[in-house]
Amino acid sequence: MDKDKLILIDGNNVIYRAFFAMPPLTNTAGQQTNAVYGFTTMLLRLIEEHKPTHLIVAFDAGKVTFRHEGYQDYKGGRQKTPPELSEQFPLLKDLLKNLGVPQYEIVNYEADDIIGTISREADEAGREVMIVSGDKDMLQLASDHTKIALIRKGVTEIELYGPEEIRSKYDLTPEQIIDLKGLMGDASDNIPGVPGVGEKTALKLLAQFGSVEGVIAGTGELKGKMKEKLETHADDAVMSKKLATIFREVPLTHSWEDMKFSGLKSDTAGPALAKLEFKSLLERLNLSGHAPVDGEVAAPAPELDIVIAAGGSELDAAVAALPEVKALHVETYGDNPHRSEVIGVALSTPEKHYFVPFETLKSGEAEALRAWLADEKSPKNGYDLHRADLALHWQGIPFAGAVHDVQLAAYLLDPTEANQNLSDLVAKYGLPHLAADEEVFGKGAKYKVPELAVLGAHVAAKSAAVLGVVPKQEQDLADTAMLKLFHDLEMPLSRILADMEKQGILVNQDGLKELGREFERTIAGLVEQIYEIAGTEFNLNSTKQLGEILFDKLGLPVVKKTKTGYSTDAEVLEKLAPYHDIVQMILQYRTIAKLQSTYVEGLLKEIAPSTGKVHTFYRQTIAATGRLSSQFPNLQNIPIRLEEGRKIRKVFVPSEPGWSILAADYSQIELRVLAHISDDARLKDAFLHDMDIHTKTAMDVFGVPAEAVDSNMRRSAKAVNFGIVYGISDYGLSQNLNITRKEAAKFIDAYFEVFQGVRRYMDDIVKEARKAGYVTTLLERRRYLPEINASNFNQRSFAERTAMNTPIQGTAADIIKLAMIHMDRALFERGLKSRMLLQVHDELVFEVPEDELEIMKTLVPEVMEAALKLSVPLKAEVSYGSDWYEAK
DNA sequence: TTAGTCACG
DNA sequence: ACGTACGTGACTAAA
């Protein structure tokens with residue numbers, strides 16, 4: 001008979017975390033169930049992996065606890081529980097009952113106190129205990145028999161802490177965790193601590209003095225501000241310590257027997273999960289359909305059959321298995337894939353998994369494997385194959401044949417979910433647990449490649465995970481009508497992006513340095529004058545110091561505040577300019593300093609020594625609307641609006657002598673898309689006649705002929721058009737045009753009076769989002785808007801504007817992506833040497849040999865305009881020159 | 001690490 | 001009454 005093992009779960013804490021970590025799942029009745037779902041997956045995993053004999057979920061009961069008796073503000077300032085979450089408490093409690101999981105609450109006590117008391121008793125009886133919570137305070141309960149499972153990253157990962165782990169991480173004993181809190185406080189519980197003392201300082205003090213009491217007694221040994229603070233706030237520290245101390249003497253009414261857990265209650269668990277529509281959990285527990293249930297949780301996944309193929313017969317076996325390989329994972333290290341190390345490659349067949357270390361992969365022995373990697377006809381599934389392609393490329397190993405990229409599919413299935421890693425996906429689909437990379441490699445500076453066996457096992461587990469996730473995603477993509485978008489647009493685009501990035505764009509390094517010297521001189525002059533006027537030298541880049549000069553010293557009026565002090569942004573400075581000459585100079589300084597640091601120095605750092613080019617990295621899985629983003633360097637925000645900055649574009653030049661840079665951009669693509677999807681007669685008409693859309697808008701809104709539209713009217717109309725695309729609000733427009741909200745509202749009314757089709761679209765799309773929970777683009781790209789029904793006005797309004805904007809911005813993104821695919825094919829089919837280099841949302845940039853200039857001048861706009869047939873024409877304008885500046 | 005600022009579409 | 005325009009990434013200061 002195994003030893004008893006008790007798991008104690010901090011119910012309130014875990015459901016809270018689950019709520020914020022999980023996407024806003026709702027059942028068909030419209031009831032939000034995400035927190036219950038997250039909680040349940042976590043619970044089932046704990047049961048599977050740790051097989052407790054005893055189990056209890058503790059909840060807070062009632063609003064006032066004994067802690068409030070001593071300190072009124074305890075947990076004051078904490079946000080009210082959102083109704084979307086509080087509604088889920090009864091669901092969870094009901095489900096736990098049906099699963100046969102004991103739960104416990106005692107009026108006037110918090111879950112921590114219940115857990116503290118039970119764990120003390122269990123500890124005293126020598127029983128093994130595991131406490132599950134996201135709250136670091138729990139660490140104070142750790143002991144030889146009691147481990148704390150801290151939830152990390154949503155609810156998918158746990159980190160186990162015993163006294164040993166606490167010592168190695170903080171150099172503290174479990175008891176000292178309370179002292180730590182006493183000194184540093186806890187904003188979320190409104191525990192004050194000592195102001196100015198954070199984690200680092202607190203740890204230092206405790207290392208020296210041992211406890212809060214020790215620190216207070218020892219202030220004599222300290223000096224300066226620190227001493228003063230600790231002396232004045234000694235009482236706060238003592239009180240904070242008391243508040244942070246978990247009470248371990250709650251009068252319990254539950255006995256050890258009451259906490260016994262002997263498996264899920266099979267008769268009621270199935271129906272309860274089915275009622276919540278947790279299909280994947282039902283499957284995981286084999287409770288779906290009429291499959292026999294035995295009350296046991298599904299067995300953990302069988303161990304993977306892993307072969308470390310570092311050469312010899314193991315490598316031969318891996319090569320022999322290639323025709324059967326259904327998934328791979330290329331493990332890399334580094335944020336920038338152009339400069340990443342390759343650690344190794346794992347290959348998965350349904351039966352076996354092979355890990356080939358990089359040393360082996362690049363050796364003469366692995367030629368057959370490299371040929372397979374390069375073979376377009378050998379289909380590959382994996383996670384972030386775009387990154388793999390680039391990392392391998394710079395190691396001289398070509399990669400081709402990507403069919404299903406799990407990261408990309410996950411993005412389409414929920415584009416708002418940030419950076420979904422394989423561990424998350426595996427958990428989401430109820431597949432066998434996959435350790436997080438951080439657990440295996442450590443994070444940040446602590447990154448370390450583990451020994452071969454551990455490394456191989458982990459990377460192989462990743463490719464095995466891909467194997468499991470792919471069919472689930474294919475099903476999900478089919479269910480959401482995004483299969484075509486995935487296989488015909490995003491996957492092919494991924495390869496094209498990689499090609500563009502490898503190609504890179506040449507930078508005239510000398511030209512850039514010369515520009516830097518010019519900026520340097522301007523900056524030096526400005527700085528000198530500013531110091532002179534200010535009467536003192538200070539750090540111009542510090543908003544804090546600048547604020548002190550402007551508002552305290554020079555006494556300029558405070559226009560706007562930030563949460564940390566005075567606001568000094570450009571909008572504020574523009575308003576202050578009439579008061580003092582220094583302001584204009586500061587604005588000028590800001591402009592040039594930005595150019596210098598970001599675009600001269602920043603860009604110089606990104607030039608690859610081997611090519612003299614910059615190789616950006618387009619991220620295809622970031623923007624919620626379907627746009628790309630660009631990194632290392634960002635080439636989508638190179639200055640253009642102001643002449644000083646625009647000059648930066650002169651340094652982007654063709655990579656071959658005699659070639660040209662050719663740029664083509666869509667004209668008003670978003671408003672054209674709006675004309676199409678809103679089917680607004682007047683807007684469509686304007687584009688069918690290829691009119692100046694802002695002038696036309698001014699004519700219609702002000703009811704005047706073209707001759708009567710002055711520049712001011714056109715400017716207002718332009719702002720309204722922008723507002724329409726963004727999901728207009730009177731406030732936003734009023735800010736933009738510097739008019740009152742009333743006037744802005746009148747503008748908007750006048751606009752909608754004329755463009756009634758647009759009004760109908762805006763109304764309908766919000767209704768649709770409310771009903772379906774998501775909006776889509778023309779190519780069925782989807783974005784969920786859970787907050788569209790939120791009770792909070794701000795959240796709801798934001799979701800409404802997003803509902804209006806996303807189909808427009810997203811469809812424009814779809815269109816240019818299509819154009820890129822068609823353009824890539826056109827270049828290939830015609831055997832042209834011209835190369836597509838950059839995409840800037842509505843613009844494509846090429847480098848073109850002399851003898852292809854004529855054809856490209858017509859081909860590029862033709863292809864862009866034909867990318868997708870709308871009810872209004874698309875228009876692309878082309879230009880070219882000796883560099884990106886001239887291509888205007 | 002977070003906040004403020006500013007570059008782009 | 002609420003208090004915002006939509007979508008990104010890079011740099012700097014200051015903790």
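Convention: sequence-line order gives letters A, B, ...; per-chain numbering from 1.
- When rounded to the nearest whole Å, the span between NZ of A:Lys718 and P of C:dC6 equals 19 Å.
- Across the protein-nucleic acid pair, A:Arg641 atom CZ and B:dA7 atom C1' stand 8 Å apart, rounded to whole Å.
- Across all strands shown, A:Gln735 has no heavy atoms under 4.0 Å from either base or sugar-phosphate atoms.
- Note on A:Gly727: nothing from the nucleic acid sits closer than 4.0 angstrom, heavy atoms only.
- If you take CZ of A:Phe798 and C1' of C:dA5, they are 10 Å apart, rounded to a whole angstrom.
- Using a 4.5 Å heavy-atom cutoff, the side chains of A:Tyr774 and A:Arg783 are not in contact.
- For A:Gln636 and B:dC8, a side-chain-to-base donor-acceptor distance below 3.5 Å is absent, hydrogens and geometry of angles not being considered.
- In this structure, A:Phe632 has its ring center at least 6.0 angstrom away from the ring center of A:His615.
- Between A:Thr806 and C:dC6, a side-chain N or O to OP1/OP2 separation shorter than 4.0 Å is absent.
- Among the atoms of the strands shown, only primed sugar atoms or phosphate atoms (P, OP1, OP2) are found under 4.0 Å from some heavy atom of A:Arg619.
- A:Arg627 has its side chain out of reach of A:Ile816: every pair of non-hydrogen atoms, C-beta onward, lies at least 4.5 Å apart.
- The phosphate of C:dA13 (OP1 or OP2) has a side-chain N or O of A:Asn539 nearer than 4.0 angstrom.
- Across all strands, A:Ile728 comes closer than 4.0 Å to base atoms (heavy-atom distances).
- Between B:dA3 and C:dT4, the distance separating the two P atoms is 15 Å to the nearest Å.
- Across all strands shown, C:dC2 has no partner, as no Watson-Crick or G-U wobble contact with both distances under 3.5 Å is found.
- Between A:Asn805 atom CG and B:dG9 atom C1' the separation is 12 Å, expressed in whole Å.
- Taking side-chain N and O atoms only, A:Gln545 has a distance below 4.0 Å to OP1 or OP2 of C:dA14.
- Across all strands shown, A:Asp665 has no heavy atoms under 4.0 Å from either base or sugar-phosphate atoms.
- Of the candidate nucleotides B:dG4, C:dG3, B:dC8, B:dG4 has the atom lying nearest to any side-chain atom of A:Thr562.
- Look at A:Thr598 and you won't find any side-chain N or O under 4.0 angstrom from OP1 or OP2 of C:dG9.
- Residue A:Ser567 places at least one side-chain N or O closer than 4.0 Å to OP1 or OP2 of B:dT5.
- Across the protein-nucleic acid pair, A:Arg801 atom CZ and C:dG3 atom P stand 12 Å apart, rounded to whole Å.
- Of the N and O atoms on the side chains of A:Ser667 and A:Asp665, not one donor lies less than 3.5 Å from an acceptor on the other residue.
- Counting any heavy atom pair closer than 4.0 Å across all strands shown, A:Ile622 reaches sugar-phosphate atoms only and no base atom.
- Under the 30°/60° scheme for interplanar angles, the aromatic rings of A:Phe722 and A:His694 are found to lie parallel.
- Counting atom types as modelled, A:Ser729 pairs a side-chain N or O with a base atom of C:dT4 as donor and acceptor under 3.5 Å.
- As judged by a 4.0 angstrom heavy-atom cut-off over every strand, A:Leu628 is placed among residues making no nucleic acid contact.
- Relative to the side chain of A:His841, the nucleotides B:dG4, C:dC6, B:dG9 differ in distance, and B:dG9 lies closest.
- Atom P of nucleotide C:dT4 and atom CG of A:Leu737 are separated by 19 Å, given to the nearest angstrom.
- A:Gln809 comes within 4.0 angstrom of a nucleotide base, judged by non-hydrogen atoms across all strands.
- With B:dG4, C:dG3, B:dC6 as the choices, the nucleotide that has an atom nearest any side-chain atom of A:Lys563 turns out to be B:dG4.
- Close to C:dG9, at under 4.0 Å from its OP1 or OP2, lies no side-chain N or O of A:Asn637.
- Using a 4.0 Å heavy-atom cutoff across all strands shown, A:Arg783 reaches sugar-phosphate atoms only and no base atom.
- Contact annotation: the side chain of A:Val720 never approaches that of A:Val701 to less than 4.5 Å [non-hydrogen atoms, C-beta and beyond].
- A side-chain N or O of A:Tyr784 and one of A:Arg782 form a donor-acceptor pair less than 3.5 Å apart.
- Comparing the same atom, P, in B:dC6 and in C:dA5 gives a spacing of 15 Å after rounding to whole Å.
- Residue A:Ala593 is out of contact with every strand shown, counting any heavy-atom pair closer than 4.0 Å.
- Side chain of A:Ser629, nearest nucleotide from C:dT12, C:dG9, B:dT5: C:dG9.
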